[in-house]
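Single-structure report; data block below.
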Amino acid sequence: MDGHTRRENLRQRLQGAKTPISGAVLAAAFQVSRQVIVQDIALLRAQDVPVISTNRGYLILGEACRVHRFKVRHDLSRMEEELNIFVDAGATVRNVTIDHPVYGTLEGKLNLSSRRDVQRFMKAIRAHPEAPLSNIAGGVHYHTVEAPSREALNEIKEALEAAGFLVK
């Protein structure tokens, strides 16, 4: 099976799953290495497939969960403004990821759902200004966001565009 077909089958399998599927199980099912699965997941994410990584494996949360992955760009001076756009719409920012040319997808768990969470996170970032993953990728990064409604996701998208954060 070629890579394109495998990724489409992987997407379908994850989309139909009710619980996370481990990389080892997926590797065995597709008769490839775990590293190939990791690379396939990165490619699916690059195609805006909202693949979630958990401690038990991978999962695509469906439309009912209202999850979206936003590609954004900014520097440290605008980080708090960007994160507040998400939480002000009632969303939870689950993570931040970047695409690294050597290491592949790098992820930081955030789970920010209020301005208080954002303030605490920003305090930690300001204490370690070299810490943002986006620094490694020229400011370009992704956030997986879980929102209370499709309307909230649309509100977020419009606000990110208006602020100049959204990358197409």
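What you see is a predicted model, and the numbers here were worked out from it, not measured in a lab.
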Lys/Arg N to Asp/Glu carboxylate O, [X] vs [Y], below 4.0 Å:
X	Y	value
E155	K157	no
R45	D99	no
R94	E107	no

So, for [X] and [Y], which heavy atoms are closest and what is the spacing to 0.1 Å?
X	Y	result
V32	I37	CG2-CD1, 3.8 Å
D117	L112	O-CD2, 3.7 Å
R6	D40	NE-OD2, 2.5 Å
S114	V87	N-CG1, 3.6 Å
V167	V72	CG2-C, 3.7 Å
T105	A42	OG1-CB, 3.2 Å

Examine R69 relative to Y142 and say whether NZ or CZ is less than 6.0 Å from the centre of the six-membered ring and inside a 45° cone about the ring axis.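 Yes, R69 lies over the aromatic ring of Y142.
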
Derivation and outcome, salt bridge (charged side-chain N to carboxylate O under 4.0 Å, His left out), residues E80 and R126: CA-CA 11 Å; E80 186 168 7; R126 287 183 183 111; 2.8 Å; yes

What about F70 and F165, are their ring centers closer than 6.0 Å? no

Same apolar cluster (I L V M F W Y, side chains within < 4.5 Å links), V140/L110: no

Linked, directly or transitively: L43 and L106 (ILVMFWY side chains, under 4.5 Å):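 No.
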
Taking side chain as C-beta onward, heavy atoms only, is [X] less than 4.5 Å from [Y]?
X	Y	result
V93	N111	no
R13	V25	yes
L14	I21	yes
M79	P132	yes
M1	N9	yes
L26	L10	yes
R115	D88	yes
I41	Y58	yes

Where at least one partner belongs to residues 22-34, residue pairs that pass salt bridge (charged side-chain N to carboxylate O under 4.0 Å, His left out), sequence neighbours excluded: none

Test: salt bridge (charged side-chain N to carboxylate O under 4.0 Å, His left out). Region: residues 128-140. Which pairs qualify, not counting sequence neighbours?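 Not a single pair qualifies under salt bridge (charged side-chain N to carboxylate O under 4.0 Å, His left out).
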
Does the plane of the ring in H100 sit parallel, tilted or perpendicular to the ring in Y103? Use 30° and 60° as the thresholds.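 Plane angle between 30° and 60°, so tilted.
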
Under 3.5 Å: donor-acceptor pair, side chain of H74, backbone of E82: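 Not a single qualifying donor-acceptor pair exists.
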
Test log, rule side chain to side chain contact (heavy atoms under 4.5 Å, CB included), inputs H141 and H143: CA-CA 7 Å; H141 57 286; H143 287 296; 3.3 Å; yes

Hey, are D75 and S77 close enough side-chain-wise for a donor-acceptor pair under 3.5 Å? yes

Just by distance, no angles: are the side chains of R11 and Q15 close enough, under 3.5 Å, to form a donor-acceptor pair?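 On atom types as modelled, these side chains qualify, holding a pair under 3.5 Å.
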
Distance (rounded to the nearest 0.5 Å) between [X] [atom1] and [Y] [atom2]:
X	Y	atom1	atom2	answer
S149	N154	OG	CG	8.0 Å
E161	I85	CD	CD1	11.0 Å
H68	F86	NE2	CZ	9.0 Å
E8	L44	CD	CG	8.5 Å
R120	K123	CZ	NZ	9.5 Å

Among L153, T144, V145, whose side-chain contact (heavy atoms from CB on, under 4.5 Å) with V67 holds?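 Single side-chain contact (heavy atoms from CB on, under 4.5 Å) partner of V67 among L153, T144, V145: T144.
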
One pair to check against side chain to side chain contact (heavy atoms under 4.5 Å, CB included): L59 and V51. What are the steps and the verdict? CA-CA 6 Å; L59 182 66; V51 180; over 6 Å; no

